[in-house]
Amino acid sequence: MELNSSQRAAVEHDLGPMLVLAGAGSGKTRVVTERIARLLQRGVSARSILAMTFTNKASAEMHERVGKLVGAKLARELTVCTFHRFGLDVLGAETKALGLRGKSFAIFDQSDCTGVIREVLRELRSGRNYDVNAILARISNAKNAFVEAEAWAESQRKGKGLDEYDEIAMLVYPRYIAALRAFQAFDFDDLICEVVRLWQRRPDVLERWRTRYRYVIVDEYQDTNHAQLELLRLLGAHKNVVVVGDDDQSIYAWRGADVRNILDFEEHFTGAKVVKLEHNYRSRAPVLDVANAVLARSGGRRHKKSLIATRMGGDKVQLVVCTDPDVESSFVATEAMRLLEREGARPKDIAVLYRSNLLSGPIEAALKERQIPVRMIGGTQFFERKEVKDLIAYLRVALDPEDEMSLRRIINYPSRAIGDVAVSKLGAYATARETSLWVAVTRPHAVHELSTAAIEGCRQLVRIIEATRQRFDRKEPSAEIARALLVDAGFKEDITAGSTSNSVAARRWGNLEGLLNVFARRDDQGKGDRDQFASFLRLLALRQDSEEEEATDRVTLSSMHGSKGLEFPYVFVIGLEEGIMPHQRTLTERATDVAPPGADGDVVGHSIEEERRLFYVAVTRAKDRLYMTYAKHRGSRGKMVARTPSRFLLDVPDELIEEREEEGPQAPELDKTKAGAASVLAALSFNPFSGGEMPLVPRRRP
DNA sequence: CCGCGTACTGTTTTT
DNA sequence: CAGTACGCGG
């Protein structure tokens, strides 16, 4: 298809900064890919182009689509990656300038970071039970605003608003930073902020990166935070920075994204050209009418633009009022079945979207009950699951015993009598001898007053690690090494004994099998080298998706956030009730809340606007037909509660919607037993990879 | 130091 | 209702 005039303007724009305001479904990715292709055609070196996105999925897709246009060989020379990956690469290349010991460092994910904060709180003897995530969010905000610990304390002393979380976060902040430094670790924010800091103090280093990347393209620009803006300003120096985004789809203020970046782009990058893409090529008119109706009620600052439908005709949007979640999920599943059988839909044409991952359970069960294949986006990230992190930590210790964070993680897992007391004794020994914790572990007899049980535990651990290291030396395939490690360390026994039910145990073990499969795939590709494997392990923290098999033909279940950038012929948006959409957390202010950038006091109003945009994002995923549902009753923490429809539904004029009621089957008992069986089945077969088969050993009895 | 019992408390979204 | 945090007895 031909490009329209504004698309062409964006593709053909020459030099200088440009903001492309790309409404939902307006062909944004196409514009970006064609633009890159055009730059290449005109003789720009692929190595000098940097395209940054937010998710691995988005960057993979962009890379692939450019590859189709310009060929795989050329595409390989491009840098297409996430912001965080770019930051990681810069830090990795500049370890010397950063003054790091050696060239390796760790990346701490959220749970590592909250662990550090917990530790700091313990040292501070703060007494109270603080919400560590809230503290981390406050620290993250300070970091991204480049507020130093002292400056923060200073400004707080002068200012009036000192809430209790500010106070404790200020106290924790410097110790938190010190702890990360001690571990030679970076958190996610550091991957951006430390690059900015480095570039600011070392113009010579910045200059190298500037000459390397002459053309910078940023996708989803509305999601950038302050630090990312600074990174762009330094790198792009007001030239050749092209950003693409849509302020109406800004849904990440809660994690520090600042919409003002896109609203004020023309001030940040003087002389910027602005192009608006307002033709929607994705959704049928009735879907778009609903989306526009919701957006029309939106307050606050916006770039003025309206979405114009190009695909006319199509069915009215349906609103299905259900009595409860069971009815809702059986409606979705039955209707999905009908689409598959009667309307020739493929499973991959269908998506079910919800505000919170909690809502996915019943839907997943209902679809599986009807043998409909599903894929879940989001949920607890695979590489953040405890057992997965445990295995990775073991491997990292085997590869590098000086990796203290990993060592601490597994030093007493599974339990081998090395408790807090033993660990601090080992730590004291290490500090006194100016050696590492690992060395202390290898000489437990030398450690003062270590219990005999703990000494034996250390010996055991050393045996396991040594055995693993020898396997690495023998260049065994990594999957085999990991498998042997699972046996040596007794993962299976611990999981079986420590899980509340067999299905939980099966899921955990399945996750480990999944990780082994990831390793096996790498082995097959011949990437068996030890150092490569070590850096691969480090990277795992950064990747949310586990080698996603896009090609699979499955019904998509996703959070609304996770659905951004995707599109489906048939979309169900469920759980449209007050308290869920908009979510309760956004309706009532809490002490632990963090004001998003630019909220100016009205935190609640600000976040409701964000919920509205989130609803808009969800609705605009639909190409042909959209179903919206809500339940009149829904359980919240055990108890059934009456529900009212989402306020956003009330913003849609009646004539745009076809409403109907679903009452569900008359025999509730029968339905209930069925649902129970279905969810057990779902739990058993839940596994991101291949069948996590595990002999369901009876629970160990002492 | 471990395991068991009891109480509580919560779940938005993700690099 | 589940998963976790904490306290106590071996």
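Per chain, numbering begins at 1; letters A, B, ... match sequence-line order.
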> Starting at the 5' end of DNA chain B and moving along, which residue's nearest nucleotide shows up first, A/R416 or A/R85?
Replying inline: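 Closest to the 5' end, via its nearest nucleotide, is A/R416.
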>> Between A/E610 and A/A454, which residue's closest nucleotide on DNA chain B lies nearer the 5′ terminus?
In response: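 Looking at DNA chain B, the more 5' nearest nucleotide goes with A/A454.
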side-chain N/O [X] vs [N] OP1/OP2, d < 4.0 Å:
X      : N      : result
A/S559 : B/dT14 : yes
A/N357 : B/dT11 : no
A/N412 : B/dC2  : yes

Which part of the nucleic acid does [X] contact within heavy-atom distance under 4.0 Å: base, sugar-phosphate only, or nothing?
X      : result
A/A453 : nothing
A/Y252 : sugar-phosphate
A/N225 : nothing
A/F54  : sugar-phosphate
A/Q110 : base
A/I418 : sugar-phosphate

> Do A/F54 and A/Y252 have ring centres separated by under 6.0 Å?
Replying inline: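 Distance test on ring centres: not under 6.0 Å, no.
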>> Between A/K143 and A/D187, does any side-chain N to carboxylate O distance fall below 4.0 Å?
In response: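 Yes.
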> Taking 4.0 angstrom as the limit, do A/K492 and A/E387 come out as a salt bridge?
Replying inline: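 Result for this pair is no, no salt bridge flagged.
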>> Side chain of A/H84 only, heavy atoms from C-beta on: which candidate in B/dG3, B/dT15, B/dT13 is closest?
In response: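 Ranking B/dG3, B/dT15, B/dT13 by closest atom to the A/H84 side chain puts B/dT15 first.
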Rounded off to whole Å, could you give me the [atom1]-to-[atom2] distance for the [X] and [N] pair?
X      : N      : atom1 : atom2 : result
A/D189 : B/dT14 : CG    : P     : 16 Å
A/Y413 : B/dG3  : OH    : P     : 12 Å
A/L358 : C/dA2  : CG    : C1'   : 11 Å
A/D187 : B/dT14 : CG    : P     : 19 Å
A/M560 : B/dT14 : CE    : C1'   : 17 Å

> Would A/T55 and A/K564 count as having a side-chain donor-acceptor pair, cut-off 3.5 Å?
Replying inline: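 No, no side-chain donor-acceptor pair sits under 3.5 Å.
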> For A/F105, which residues count as a ring-ring contact (aromatic ring centres under 6.0 Å, His included) partner, sequence neighbours excluded?
Replying inline: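 Here the qualifying residues are A/F186.
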> Under the 5.5 Å and 30° test, is A/W254 stacked on the base of B/dT13?
Replying inline: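 Yes, the aromatic ring of A/W254 stacks with the base.
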